[in-house]
Amino acid sequence: MGLLDTILGRSKPVRPDLDELFAVPSAALTLQAGAGFTPTGLGSVCFAGVEGGAFARLQQDVRELLDADTGRGGLPVEFSQDAYGYTWLLSRRPADDTATLVNDLHAVNTLLQDGGFGPHLLCSLVGFRDERGRPLALVYLYKRGTFYPFAPLPGGEKRDNQLELQVRAVLGDDLRMEKDLARWFPVWGAPGL
């Protein structure tokens with residue numbers, strides 16, 4: 001980054017560190033103790049779909065990797081598309097096994113990145129609920145290398161901003177939280193919420 005970049009306010013993009021996802025299981029304990037939210041066992045990865053045989057093969061590799069335990073009672077992964085044309089992969093694990101869920105999400109992100117499709121990765125999320133049934137997601141922004149909480153409210157596209165800020169305060173020491181609130185994008189209807 002040069003002097004001109006500094007003067008014009010340009011910054012070097014943060015390189016994504018997929019290993020940041022491995023902080024989620026310990027953050028889940030902090031979130032439960034500090035805000036009463038427990039993991040649901042649901043997590044998802046969102047990426048922009050790509051046409052072509054190489055991407056189709058990679059998607060099949062992801063399915064085979066994550067579905068390897070379906071013969072022993074594991075649930076198969078689900079692929080879906082949202083209204084904006086983005087592809088979502090949903091992984092289901094026991095609610096008390098956040099570490100395995102995070103391993104699944106990390107494996108998907110790594111396979112896509114190593115396959116040359118890293119620029120198509122958008123986010124990963126891990127779902128939580130409290131005793132009142134309120135949903136919450138910890139969203140990892142792939143291109144920023146940061147997390148933010150997303151707390152949708154029932155009955156439309158509204159969110160609980162106060163809860164999101166509370167969760168940010170609770171998890172500030174556990175996760176690299178996104179400082180720019182304008183980047184806390186809503187993920188309405190995301191699988192895993």
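Everything quoted here is computed from the prediction, not taken from an experiment. The first residue in the sequence is number 1, and the count goes up from there.
- For residues 98-123, the salt bridge (charged side-chain N to carboxylate O under 4.0 Å, His left out) pairs, not counting sequence neighbours, are R93-D104.
- Using a 4.5 Å cut-off on side-chain heavy atoms (C-beta onward), L21 and F147 make contact.
- A donor-acceptor pair under 3.5 Å is absent between the side-chain atoms of K143 and the main chain of C123, judged by distance alone.
- Sorted by first and then second residue, the salt bridge (charged side-chain N to carboxylate O under 4.0 Å, His left out) pairs involving residues 39-49 (not counting sequence neighbours) form an empty list.
- For the atom pair OH (Y140) and CZ (R176), the distance works out to 6.5 Å, reported to the nearest 0.5 Å.
- Between the OH atom of Y86 and the SG atom of C46 there is a distance of 7.0 Å, given to the nearest 0.5 Å.
- No side-chain heavy atom of D173 sits under 4.5 Å from any side-chain heavy atom of T30.
- No chain of hydrophobic side-chain contacts below 4.5 Å, direct or via other Ile, Leu, Val, Met, Phe, Trp or Tyr residues, connects L153 to V167.
- The closest side-chain heavy-atom distance from F37 to R134 is below 4.5 Å.
- Annotation: side chain to side chain donor-acceptor pair (under 3.5 Å) contacts of D160 (sequence neighbours excluded): none.
- E164 places a side-chain N or O within donor-acceptor distance of the main-chain N or O of A151, the cut-off being under 3.5 Å.
- In this structure, CG in L101 is found 11.5 Å from CG in D96, a value given to the nearest 0.5 Å.
- Within the model, atoms CG of D130 and CG of L163 stand 7.5 Å from one another, a figure rounded to the nearest 0.5 Å.
- Between the R129 side chain and the T40 main chain, no donor and acceptor come within less than 3.5 Å of each other.
- Heavy atoms of other residues, nucleotides or ligands lying less than 6.0 angstrom from CD of E131 number more than 12.
- Residues F79 and L89 form a side-chain contact, since some pair of their non-hydrogen atoms from C-beta on lies under 4.5 Å apart.
- Going from atom CG of L112 over to atom NE2 of H120 covers 9.5 Å, rounded to the nearest 0.5 Å.
- The hydrophobic cluster containing L42, built from Ile/Leu/Val/Met/Phe/Trp/Tyr side-chain heavy atoms closer than 4.5 Å, also comprises L90.
- Separation of atoms CZ (F150) and CG (L138) is listed at 12.5 Å; rounding is to 0.5 Å.
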Could you pull out all donor-acceptor pairs under 3.5 Å where a side-chain atom in residues 182-193 meets a protein atom, sequence neighbours excluded?
unit_1, atom_1, unit_2, atom_2, d
W184, NE1, E178, O, 3.0

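- Here L29 pairs with nothing under the side chain to side chain contact (heavy atoms under 4.5 Å, CB included) rule; sequence neighbours left out.
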